[in-house]
Amino acid sequence: MSPSTVNYYPSPYSSQDSLRLRTVPAQDTSAVQFDWASPPEDAEDSNEPQNLRELPLHMSLKRAVWQVQQMKVPVVSSSWNIKRSKTFHRFCEVAKYILSYFVLWKRGIQRIGGHFGGGVQSYFLFLRFLVILNFLSSLLIAAFVLIPSIVFRSMNFNSTIALTVNRTDVETCLQYNPKPDALMVFFTYFLDLVSGTGFMEYSYLFYGYYNNSMIESNGFSYNIPLAYLLTAAFYFLFCLICMIIRMGVSARLVIVTGGGAAGGYSMLVFTGWDHGLQGDRATKLKQNNLRHRLQVDLEEERLKKRAASLTLGQTVSLYALRVFLNLIVLILIGATFYGIAEATQFSQSRKTTGFVGLLLQYLPSMVITASNFVVPLLCDKIALLEKYSPSTTVILALLRAVFLRLVSLGVLLYTLWEQITCKGEINSENCTPCNYYYDQYKCWETRVGQEMYKLTLFDFLITIATLILVEFPRRIVVDHCSCKLTQWVGRQEFLVAPNVLALVYSQTVVWTGALFCPLLPFINTIKFIFFYYCKKITLFHNCQPATRNFRSTTSNFFFLLVLLFGWMLSSVVLLYSVAKIHPSYGCGPFRFYPAMWEVVPGAVEMLSSTSKEFLFYIGSQKFSIPLFIFSCVLLCYVSALTSVHGKSVALLKSQCKLEQRDKQFLVRQLEELNATMQKLQREPQQPQRETEPFYHTATQWHQHTNYAFDPHEDPKPY
C-alpha cells in the first residue's frame, strides 16, 4: 500500500462521505503523514498541490493545507520565541499591576461605581482628568514663567526692554502703584484675600507684577514677555491635545457599543464579569455596577417601546409641548443674560470700600452663581415633562446648562471689554491718551484676572457652604423626622449633569483667566481636590441612588465635547486680548508694546538669518499651500477609511443579530421537540408486533459497513 492512499471498503454513497464514516487503523504506519510546515520533498513545484488530490481529506482541509504551504510558515514556532513572548507578556502584566497603585483615587472611584453606577462614576473620572490636567499645566507655567521671574527678581536681573513709544505722551498712563500700606488691620487683609486686591494684587498671582525684562548673561538670554506669551499658547495647545486624546478613547467605546443598548445585554452577561475579583466587597461592588447598567438599558428600551406605540395625534401633541417648553427655557436664559450685564455694569461703575465694596465686587459672581443654580433647576423640572430617555434628558439638560453658563461668562467678559475699550471707540475722551479706559482700569489685565479669581473662589465657597448648610441638615432631618413632607422630599439625588457642568464652568473660568492670573491653574487643582473629597462624602452620607439612571458610555464623550466648547470660548478671549486690546502702560510684561502679539516679531528679528529664513518659509505660501493640500488629502483618506470601517461594523452587527435570531429559532425548536417528547411519554404505550426479519446478518465486518446486508434496503426478488 502506497503512503498516499488509504484502503476502505466501497460505499454506495459518493466518495466525499464524512470523515468520521471512514476509519483508519490507529497502528497503521501507512496512514497519511503530512508535514504542515513544508511541502513534500518529491514535489517539483510547491505552487501546484498535486499531492493533495490523492489525500482523503475534505476540500476545505485541502485548501487550508495548500495555503499553509504557500505561506511557508511553520505552524508551531520555536520554543525560544514562545518563552520570549511569555516573558514579555508577564513583564507587561507586572508593570501594569505596579502602575495601577499610582492611579489617582482608583479604589475610591471603583467603590463609587459599584454603589451608584457608571453615570456617577463618570463624573469622578472626569474630575480626576481635570485635576491631572491642571496640575501638569501648573508645572508648565511654573517652569517657564514663575520660577524664572522669581530667580531673576531675587538676583536683580532686571534688564528692561527698550522703550518703543514716546514716554512724554503717555506719562499719565504709567502711574500704577497698588502697593498697600505697611500697617493694616486683619479685616483689610481678609478683604484683600477674598477680592484679590491690596497685597494680593501686587504679587506673582496676577499679570501686573511681572516685568518686561530680558536677561542676557554669558551667552544666556531669556525674554520674559516672550516666555509669558508662548507659555500661555502652549498651555492652551497642551489642554487641547489632552482633550482630543481622551475624546478619541471615549469615541472608540461609543462606536464599539453603538451608543445604545443593541447587543449590550449579551456583552454584559457573558463578558461583563471580572473573574479576577477577590473578596465579598469587590464582588458586591461589581454586582451593583452591572445591575445599574442593566437598569439603564431596560429603562431606555421601555421608553423606546412607549414612543413607538404613540398614535399620530399623541406624537404631534408631544412635539408641540416640547416646542412650548423650549420657548420658556429660552426666555429664562435671556432674562439671565440681561441681569448679568446690568450687574456687571453697576459693579464696575461704583467705587466703595469696606464690606459694601466687597459685596459690589462680588455682585457679578453672585448673580452668575444664583442664575446657574436656579435656571438649570427649572430646566430640569421642565425636562421631566418632555418625556425623553434618561441619556437624552441628561444630554439636553447639559446642553441648556452649558449654554447658560458659558454664555453668561461670555456676557460678563463682553461687558468688561466694552468698558475697557470705551465700547470700541479708542479715540473717545476716556481712551484718548492710553487707548483704553485708564481712569477706571489702570491695569486692566489685573482687573480681568481679579474677576476670574473671584469667580473661582466664590464657586468654591458656595460648594462648601452648600455641603455644610444644606446637604447635611437635609439628611439629618429626613433620617430623624417621620412626617410626610420630609419623607416626600427625601434624601437628595446626585445629579450628574449639573455637577459636570460646574466642573466645565470652573475649568472655563481658569482657561479664561490663565493669561491674566498665571497661578489660577494651581488654585484650581487644589479646588478640584477638595471637590473630590467633598463630593465623595456627600455622595455616601447624604445622597441616595438615582431613580433614573443613564448610560455613561455616551456621556463621557459628551462631557469632553462640552469641555471643548469651554476651551473654544477661552481661546476666543485669549486671541482677542492678545491681538486687539492695547496692553496697560503701567504694569505687566507687555507694557510698552502696541499689542501683546508684537513681542513675537520683535523676538524673530533678533534671531540669526538662517532661523529667520526658515520661519519665513514656514509662514509663506510655498509651505502653507502644499500643507493644506496634504491635509485635505489626508482628511479625505481618513473619512473614507472611517466610512469603510463603519460599514464593516454595521455588517458585523447585522450578522450578530442574524445569529441571535438563529439561536432563538433553534431554542424554540428544542422546546417544541421537548414538549412533543414529554407528550409521547405521557401517552400509554401499546405493544408492538415484531417486525424484524427472521434472519440476522452482520452489517459490519472489522469496523467496515457491509452494504449488501442493509436491513433498511428493500429485498429485491430474483
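- Of the candidates V131, L130, L136, N134 forms a side-chain contact (heavy atoms from CB on, under 4.5 Å) with just one, namely L130.
- Put simply, the side chain of S371 gets close to the backbone of I368: a donor and an acceptor are under 3.5 Å apart.
- The OH atom of Y207 lies 14.0 Å from the CD atom of Q450; values are rounded to the nearest 0.5 Å.
- With T446 contributing its side chain and G208 its backbone, the two residues share a donor-acceptor pair below 3.5 Å.
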Legend entry - Residue pair T336, V367: steps toward the side-chain contact (heavy atoms from CB on, under 4.5 Å) verdict: CA-CA 9 Å; T336 302; V367 173; over 6 Å; no

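- Between I382 and L325, the shortest heavy-atom contact is CG2-CB, 3.6 Å.
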Legend entry - Full working for side-chain contact (heavy atoms from CB on, under 4.5 Å) between F472 and I537: CA-CA 10 Å; F472 273 109; I537 291 173; 3.8 Å; yes

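- With Y319 as the aromatic partner, R322 meets the cation-pi criteria of under 6.0 angstrom to the ring centre and within 45 degrees of the ring axis.
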Legend entry - Intermediate values then yes/no, side-chain contact (heavy atoms from CB on, under 4.5 Å), R128 and V103: CA-CA 10 Å; R128 182 176 66 182; V103 177; 3.2 Å; yes

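- F516 has its ring centre no less than 6.0 Å from the ring centre of F206.
- K527 and S506 share a side-chain donor-acceptor pair at under 3.5 Å.
- Among the candidates F129, F528, F559, the single residue satisfying the side-chain contact (heavy atoms from CB on, under 4.5 Å) test with L503 is F528.
- Using cut-offs of 30° and 60° on the angle between ring planes, the pair Y576 and W417 is tilted.
- Look at R474 and E471 and you find no salt bridge, because none of the NZ, NE, NH1 or NH2 atoms lies under 4.0 Å from a carboxylate O.
- Here CD of E451 is found 11.0 Å from OG1 of T456. Values are rounded to the nearest 0.5 Å.
- To the nearest 0.5 Å, the span separating SG on C242 from CD1 on I132 amounts to 10.0 Å.
- Using bins of under 30°, 30° to 60° and over 60° for the plane-to-plane angle, the ring pair Y202/Y209 lands in the perpendicular bin.
- Distance alone, capped at 3.5 Å, is enough to place a donor-acceptor pair between the S570 side chain and the T508 backbone.
- Although no hydrogens or angles enter the test, the distance criterion places no donor-acceptor pair under 3.5 Å between the side chain of R246 and the main chain of L560.
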Inset, instruction - Could you go through the side-chain contact (heavy atoms from CB on, under 4.5 Å) check for M452 and L412 one step at a time? - result: CA-CA 10 Å; M452 300 300 108; L412 172 65; 4.3 Å; yes

